[in-house]
Amino acid sequence: MNPKLFFVIPFLTKGGAQRVVCNLSNYFNNKNYRVTIFVLNQCEIGYHLDAGVKVVFLNHRKGRENIFYRIFFAVSIFFKLFYHIVKSQPKHIISFTTTANLWTGILSTILRIPYIVSERTVPERTINAYNPIAGKIVCWLYKKATAIVVPSKGMVAELRKNKNLVDTSNIHVIRNPVSIFKDPSNVSVHPKPFILAVGRLHFVKGFDLLINSYNDLKTNDLDLIILGDGTEREKLAKQISSLGLNNSVFLVGRKENVQDYYDQCELFVLSSRNEGYPNVLIEAMNAGCASIAVDCITGPSEIIENKINGLLIDNGNKALLTQAMRELLADENLKETISKKARLIGEANSMEALALEWEKLINYD
């Protein structure tokens, strides 16, 4: 009988953790595991899943956020997930992000099923934001897991800043794999050369910094395109308008043909204030983009070697970001050299090599 494998995640829309879950699910499905993804909230599925991968939505909140409905939602999630685990008895359960990790840890501990938890961004935004009692419970559940998987070495150091995890020995670093896209088309995505950024329109992604830095370039020959959507769209649109950049900075939303944008851009810029391990950066580099990244708390410094396969600049430094863009645009030889070296990320972060590391954890006795 083929082994059963469960994944648990709050949402399966577009996002870094969601892409990793979908990629891993497809990999293990092809390795003859019976894979089921349990999604805490009803949503659209953001990425391709092979036919053999089963998806179960555990609840639909319908926008109601009062305390009574939240309690009902939590109880409902608990018993539905409990039922599926008891019924199927999976070989292992893998959960992504703190909310799913908490549910998985509690139920797996009660039912004595091996489990792996994965944190995808800096703990200040997740487990370290809990009150002391809840934080201790979460850390206790994490320490009982087969592994706490994080995508970067920097996140190990950040996790160990939590006094409840300082001595834990089950933290493992498994980088995010590079996603494989369709070959780019020959259809132009924009009438002018452009700088590209990709991500959720959220404060943490630093697009406000990028727009200000682009404005300081004072160029009429190069536009800025930002792919993605989110809560900051209106605020960013106002910023663009106030700077008089409506004809050169474009918020184009989500695109299915992101590979065409990577292929056609002059530069790729990651302006995030913090990350775990930025998927969009390794995607862009794998596509051969000459890339610039802000050296935020975790992630970019483990991907980019400055002036070898990209440019790395100080976190939050608008002037240096402008200078880095200007430098790459002016030096075609440097840009070409960085582009060639950037493509090597596809070898270091191949799906096969990194999925094998996950498989070793699943089969660990």
*Please assess T36 against V55 for the test side chain to side chain contact (heavy atoms under 4.5 Å, CB included), listing each intermediate value before the final yes or no.*
CA-CA 6 Å; T36 303; V55 178; over 6 Å; no
*Step by step, would you call V8 with W103 a side chain to side chain contact (heavy atoms under 4.5 Å, CB included)?*
CA-CA 9 Å; V8 184; W103 287 117; 5.5 Å; no
*Kindly indicate, with the supporting measurements, whether the criterion side chain to side chain contact (heavy atoms under 4.5 Å, CB included) is fulfilled by K255 and L227.*
CA-CA 7 Å; K255 296 291 182 181; L227 267 62; 4.0 Å; yes
*Derivation and outcome, side chain to side chain contact (heavy atoms under 4.5 Å, CB included), residues I304 and L281*: CA-CA 9 Å; I304 286 184; L281 179 58; 4.2 Å; yes
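Atoms CG and CG, from L267 and L222 in turn, are 7.0 Å apart once rounded to the nearest 0.5 Å.
For K4 (side chain) and S88 (main-chain N/O), a donor-acceptor pair under 3.5 Å exists by modelled atom type. Y261 places no side-chain N or O within donor-acceptor distance of the main-chain N or O of V198, the cut-off being under 3.5 Å. E275 places no side-chain N or O within donor-acceptor distance of the main-chain N or O of T121, the cut-off being under 3.5 Å.
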Output a table of donor-acceptor pairs, distance under 3.5 Å, between side-chain atoms of residues 111-118 and any protein atom two or more places apart or on a different chain; print 'none' if there are none.
from	atom 1	to	atom 2	distance (Å)
Y115	OH	L141	O	2.5
S118	OG	R120	NH1	2.6
S118	OG	V149	O	2.9

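Looking at residues two or more places apart in sequence or on another chain, you find a side chain to side chain contact (heavy atoms under 4.5 Å, CB included) between D223 and H190, K192, F194, Y214, S248, F250. Listed by chain and number, the residues in a salt bridge (charged side-chain N to carboxylate O under 4.0 Å, His left out) with E256 are K14 (sequence neighbours excluded). Here E283 pairs with R19 under the salt bridge (charged side-chain N to carboxylate O under 4.0 Å, His left out) rule; sequence neighbours left out. Applying the side chain to side chain contact (heavy atoms under 4.5 Å, CB included) criterion to K161, with sequence neighbours excluded, gives E158. Legend: residues meeting salt bridge (charged side-chain N to carboxylate O under 4.0 Å, His left out) with D331, ordered by chain and number and at least two apart, are absent.
For the residue pair E119/T98, the side-chain donor-acceptor check at 3.5 Å is satisfied. Side-chain contact, Y27 with E352: no donor N or O sits under 3.5 Å from an acceptor N or O. At a cut-off of 3.5 Å, with distance as the only test, no side-chain donor of D295 or N315 sits close to an acceptor on the other residue. Using modelled atom types, one finds no donor on one side chain facing an acceptor on the other under 3.5 Å when comparing E336 with S339. Between the side chains of Y33 and N2, no donor N or O sits under 3.5 Å from an acceptor N or O. For N317 and D314, the side-chain atoms include no donor-acceptor pair closer than 3.5 Å. Of the N and O atoms on the side chains of Y277 and N349, at least one donor lies less than 3.5 Å from an acceptor on the other residue.
Looking at L217 and I195, their side chains come closer than 4.5 Å, going by heavy atoms from C-beta outward. Put simply, the side chain of V53 reaches to within 4.5 Å of the side chain of N26, judged on heavy atoms. Residues W140 and V138 have side chains not in contact (no heavy-atom distance under 4.5 Å, counting atoms from C-beta outward). Using a 4.5 Å heavy-atom cutoff, the side chains of F207 and S271 are in contact. Contact annotation: the side chain of V150 approaches that of V156 to within less than 4.5 Å [non-hydrogen atoms, C-beta and beyond].
A salt bridge is absent between D229 and R200; no separation between the charged side-chain nitrogens and carboxylate oxygens falls under 4.0 Å. Taking a cutoff of 4.0 Å between a charged side-chain nitrogen and a carboxylate oxygen, E357 and R175 do not qualify as a salt bridge.
The heavy-atom pair separating L329 from E266 by the smallest distance is CD2-CB, 4.3 Å. Considering all non-hydrogen atoms of both residues, G228 and R233 come closest at O-NH2, 3.9 Å.
The cluster map of Ile, Leu, Val, Met, Phe, Trp and Tyr, joined by side-chain heavy atoms under 4.5 Å apart, puts V86 and L81 in the same cluster. V35 and M351 fall within the same hydrophobic cluster, defined by Ile, Leu, Val, Met, Phe, Trp and Tyr side-chain heavy atoms under 4.5 Å apart, directly or through other members. Linking Ile, Leu, Val, Met, Phe, Trp and Tyr whenever their side-chain heavy atoms come within less than 4.5 Å leaves I180 and I282 in two separate clusters.
Annotation: H92 is not in aromatic contact with F6 [ring centroid separation under 6.0 Å not met].
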